[in-house]
Amino acid sequence: MKAKVKATGEIINIANYAKVTLDQCDSWGNPIELGFDEVEILQEPTSDIDWEQRRYEIARECVAVLMRNEITLEDAAKISVEQADTLITELKK
């Protein structure tokens, strides 16, 4: 998790503690600590999507639909993977 120090705009890494400890020290050599009211918590974008799993699921659904038509499994698989790749490319935008 990251936070931005309101006073300076500096972005720092933090843990879930009561105070944020900076990489800097005061004039006595003690680590500088800030309260959470002195920083702005920043949400980091997560990419928890397993795109290979999603590709498989999309292709599987496409194959099921295409097999209802008179088409070979090989052709259905090829078309399904192409469609899955196209859809994933659009979703990632």
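In terms of heavy atoms, A76 sits closest to S80 at O-OG, 2.6 Å. Closest approach of Q83 and C62 over heavy atoms only: OE1-SG, 3.3 Å. Closest non-hydrogen pair, L66 versus I71, comes out as O-CG2, 2.9 Å.
Separation of atoms OG1 (T89) and CH2 (W51) is listed at 9.5 Å; rounding is to 0.5 Å.
The existence of a salt bridge linking R60 and E57 is excluded, since no basic side-chain nitrogen approaches an acidic carboxylate oxygen closer than 4.0 Å.
Sequence neighbours left out, the pairs with a member in residues 63-78 that pass side-chain hydrogen bond (donor to acceptor under 3.5 Å, both in side chains) are T72-D75.
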Self-check item: Test log, rule side chain to side chain contact (heavy atoms under 4.5 Å, CB included), inputs L73 and V63
Solution: CA-CA 8 Å; L73 178 58; V63 165; 4.2 Å; yes

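The hydrophobic clustering, which links ILVMFWY residues whose side-chain heavy atoms are closer than 4.5 Å, places I88 and Y56 apart.
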